[in-house]
Amino acid sequence: MRALVIISLLGCAFGEDRVFSWSGGNDSQVDANENACLTDVVSCGCCLMKKQIWKLEMFFNMTLNELQRNLERAHSVLNNIRASRSAFSVALTDTRLCIGPNREDSVVKYSSVFVNLGDGYSTDTGAFVAPRSGIYSLALTVYSDAGAPGATLAACARLRLNGRTIASPSENNLQDQEDSASAVLAVQLHAGDRVDVALPAGCFLCDNNNHYNTFTGFLLYTTD
Ligand SMILES: *[C@@H]1O[C@H](CO)[C@@H](O)[C@H](O)[C@H]1NC(C)=O
Ligand SMILES: *[C@@H]1O[C@H](CO)[C@@H](O)[C@H](O)[C@H]1NC(C)=O
């Protein structure tokens, strides 16, 4: 009996792994190996070490998987932000041009485009259509030149949201020949909302490549 135990110990000391399989990796395998502690002390030590390593590997794998899931979520949020970028800035014209005064209100169509990220602004309609809901910054500057001192000046326009006026910069005095007015605001827009600039009857705007008349908007952050 004693001789049998010594032979068995020698077997493990020489690295002959006859008694237990080292290729196992699951719980029942490890538990089975743990029973070896009752019969073979050396192999038992090896198996307990193997079990600890396996537990560490399991923990490492779970942590890594969790990190990978978080990274995927972060990528998806970032892609969403990139896809919803929206900014436009346009000026009335690049060459000398006055529009108005007209008998009826009309939409100002800005033809000189500085930037139109997301293609929300249309030079055909003069309107910006919000691609998605969010807080938008809008800015409008109007300028006009009466043509001669003392001549009637009417630099005025209306910033409209879905046809309703939300700001109305205006300069109508007769004391100087040219004037400008501005409005800058942050508004909540819903996807599909339409923002444009109306030229009211009697108002007229003049510009050249100095870009006195500009209309700008950009998404600060989404709210959907
Ligand atoms: C774990 O190992 C045992 C013993 O080798 C085996 O019978 C069982 O199918 C294994 N379980 C899994 C989930 O691989
Ligand atoms: C840990 O992940 C590696 C690579 O996917 C795999 O080969 C190994 O079996 C895993 N270990 C455990 C303990 O789940």
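Counting convention: from 1, in listed order, for ligands and their atoms alike. Everything quoted here is computed from the prediction, not taken from an experiment. Worth knowing before you read on, the calculation uses all heavy atoms, side chains too, and leaves out hydrogens, waters and symmetry mates. Along the sequence shown, residues carry numbers from 1.
The shortest distance between side-chain heavy atoms of Val195 and Leu159 falls below 4.5 Å. Residues Leu92 and Val108 form a side-chain contact, since some pair of their non-hydrogen atoms from C-beta on lies under 4.5 Å apart.
Close contacts of ligand 2 with Glu57, meaning ligand atoms under 4.0 Å from a residue heavy atom, involve 1 (C), 8 (C), 9 (O), 10 (C), 11 (N), 12 (C), 13 (C).
The shortest N or O to N or O distance between Trp54 and ligand 2 is not under 3.5 Å.
Note: the hydrophobic cluster containing Leu161 does not contain Ile135 (ILVMFWY, side chain heavy atoms under 4.5 Å, direct or indirect links).
Each of Leu140, Val142, Thr141, Ile99 was evaluated against Asn213; a single residue qualifies, Val142, per the side chain to side chain contact (heavy atoms under 4.5 Å, CB included) test.
Nearest-heavy-atom check against atom 1 (C) of ligand 2 across Asn61, Leu64, Asn65 picks out Asn61.
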